[in-house]
*Asks:* 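Structure incoming, see below.
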Amino acid sequence: MSRTIFAANWKMHKTAADTAAFLDAFLPKVAALPQHVEIIIAPPFLSVPSAWPALRNTRVRLGAQTMHWELEGAFTGEISAPMLREFGVSHVILGHSERRAHANETDETVRLKVRTALEQGITPIVAVGETQDQRKAGITQEHVVGQTRAALHQLSTGDLGRVILAYEPIWAIGTGQNCAPEEAQRVMAAIRGCLEGLNETPILYGGSMNAQNVAGYVAQPDINGGLVGGASLDPEGFANLIASATT
Ligand code: 13P
């Protein structure tokens, strides 16, 4: 059975108290889902310490939304991989379009972060995606393949096999305008083409995914789950989304 992964990217939502309340409600709802389904919650940094004890001995893994590529140093406001690991973080989203747009994550810094995450035993979830203008110009595949190749540049086959990818068309994020599953599949097949035959590498779709449209995505051969923003914020709604895709 191939892997199916749903990762919640909470962005700048939920205090530590909100996070604890979410997990109280969410964990019982997902306990009985099939074992091949992997679930990751990526809260804001300050909510990570409250999520960690709640997730111990559960099936849900803990993610972060970014990190620095250096292990320590004069980088005001940044968080390093060892700091994340100390609080049980096993996954980190890298290259999200909001980080690329607002926080200077570039192809080069994403590449550095991917390497550091792998060296530190944290699974990178590498996000790529095109703007509406790039889509209209017909350069979607060229753009996302370029971002993917840059992020994975010179990784060993072993390391490549530990990466999760996420295709998030920027125009579909938070807009309610999800990308048609067939269109996403075409782009994601091109992304898979960058993986040197690693057909098991999970590739997630992100962009206005919800409980109503999720089944259409996971029915596609190169879509292995979702990176979910808005629809991951409500415990019942997110549990229903995952159940709609996997039962
Ligand atoms: P939405 O699901 O809110 O469109 O956000 C997607 C996203 O950016 C996840 O990383």
Side-chain angles (χ1 to χ4, degrees), residues 4-14 18-19 22 26 38-45 47-48 51 60-67 84 89-103 105 110 113-114 117 122-132 134-135 140 143-144 147-148 151 163-181 183-185 187-188 191 202-218 220 223-245:
T4 304
I5 301 177
F6 286 93
N9 175 9
W10 282 354
K11 309 188 179 185
M12 199 172 70
H13 293 282
K14 295 197 190 291
D18 297 338
T19 299
F22 175 99
F26 179 72
E38 297 170 45
I39 303 170
I40 301 153
I41 304 279
F45 286 136
S47 299
V48 162
V60 178
R61 310 295 299 278
L62 187 53
Q65 300 174 13
T66 187
M67 57 168 231
L84 296 176
V89 169
S90 56
H91 292 73
V92 62
I93 301 167
L94 298 174
H96 191 282
S97 56
E98 288 151 18
R99 302 284 314 167
R100 292 183 194 255
H102 307 306
E105 274 191 25
V110 172
K113 291 174 184 208
V114 168
I122 298 178
T123 301
I125 302 174
V126 179
V128 299
E130 83 287 4
T131 62
Q132 186 64 280
Q134 289 167 323
R135 178 177 180 235
T140 295
H143 178 70
V144 301
Q147 286 182 318
T148 307
V163 171
I164 298 172
L165 289 161
Y167 169 54
E168 297 204 314
I170 295 169
W171 50 271
I173 294 178
T175 59
Q177 262 196 300
N178 61 302
C179 178
E183 181 178 341
Q185 162 59 29
V187 181
M188 292 163 81
I191 293 171
I203 312 180
L204 314 182
Y205 169 79
S208 298
M209 183 179 261
N210 59 39
Q212 286 70 48
N213 63 31
V214 64
Y217 291 105
V218 293
Q220 304 294 325
I223 306 185
N224 307 107
L227 180 54
V228 187
S232 73
L233 294 173
D234 173 66
E236 183 152 8
F238 190 42
N240 286 343
L241 184 157
I242 300 169
S244 315

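Predicted, not measured: the structure shown is a model, and the values here were computed from it. Computed from heavy atoms alone, side chains included, the values below leave out hydrogens, waters and symmetry copies. Remember, it's 1-based here, ligands and their atoms both numbered in the order they're listed.
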*Asks:* For Q134 and T131, indicate whether the former's side chain and the latter's backbone hold a donor-acceptor pair under 3.5 Å.
*Replies:* yes
*Asks:* Please answer whether the main-chain N or O of A8 pairs with a side-chain N or O of S232 as donor and acceptor at a distance below 3.5 Å.
*Replies:* no
*Asks:* Distances for all N or O pairs of ligand 1 and the protein under 3.5 Å?
*Replies:*
unit_1: ligand 1; atom_1: 2 (O); unit_2: G229; atom_2: N; d: 2.9
unit_1: ligand 1; atom_1: 3 (O); unit_2: G230; atom_2: N; d: 2.8
unit_1: ligand 1; atom_1: 4 (O); unit_2: G174; atom_2: N; d: 2.7
unit_1: ligand 1; atom_1: 4 (O); unit_2: S208; atom_2: N; d: 2.8
unit_1: ligand 1; atom_1: 5 (O); unit_2: K11; atom_2: NZ; d: 3.3
unit_1: ligand 1; atom_1: 8 (O); unit_2: K11; atom_2: NZ; d: 2.8
unit_1: ligand 1; atom_1: 8 (O); unit_2: H96; atom_2: NE2; d: 2.8
unit_1: ligand 1; atom_1: 8 (O); unit_2: E168; atom_2: OE1; d: 3.4
unit_1: ligand 1; atom_1: 10 (O); unit_2: N9; atom_2: ND2; d: 3.0
unit_1: ligand 1; atom_1: 10 (O); unit_2: H96; atom_2: NE2; d: 2.9
unit_1: ligand 1; atom_1: 10 (O); unit_2: E168; atom_2: OE1; d: 3.2
unit_1: ligand 1; atom_1: 10 (O); unit_2: E168; atom_2: OE2; d: 2.8

*Asks:* Under the rule for ring-ring contact (aromatic ring centres under 6.0 Å, His included), what residues qualify as partners of W171, not counting sequence neighbours?
*Replies:* none
*Asks:* Y167 and Q185: side-chain donor and acceptor closer than 3.5 Å?
*Replies:*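 No, because no side-chain N or O of Y167 sits under 3.5 Å from a partner of the opposite role on Q185.
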*Asks:* Examine distances only and state if a side-chain atom of E168 and a backbone atom of V128 form a donor-acceptor pair shorter than 3.5 Å.
*Replies:* no
*Asks:* When the ring planes of F22 and W10 are compared, do they come out parallel, tilted or perpendicular, using 30° and 60° as the limits?
*Replies:*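 F22 vs W10 ring planes: perpendicular.
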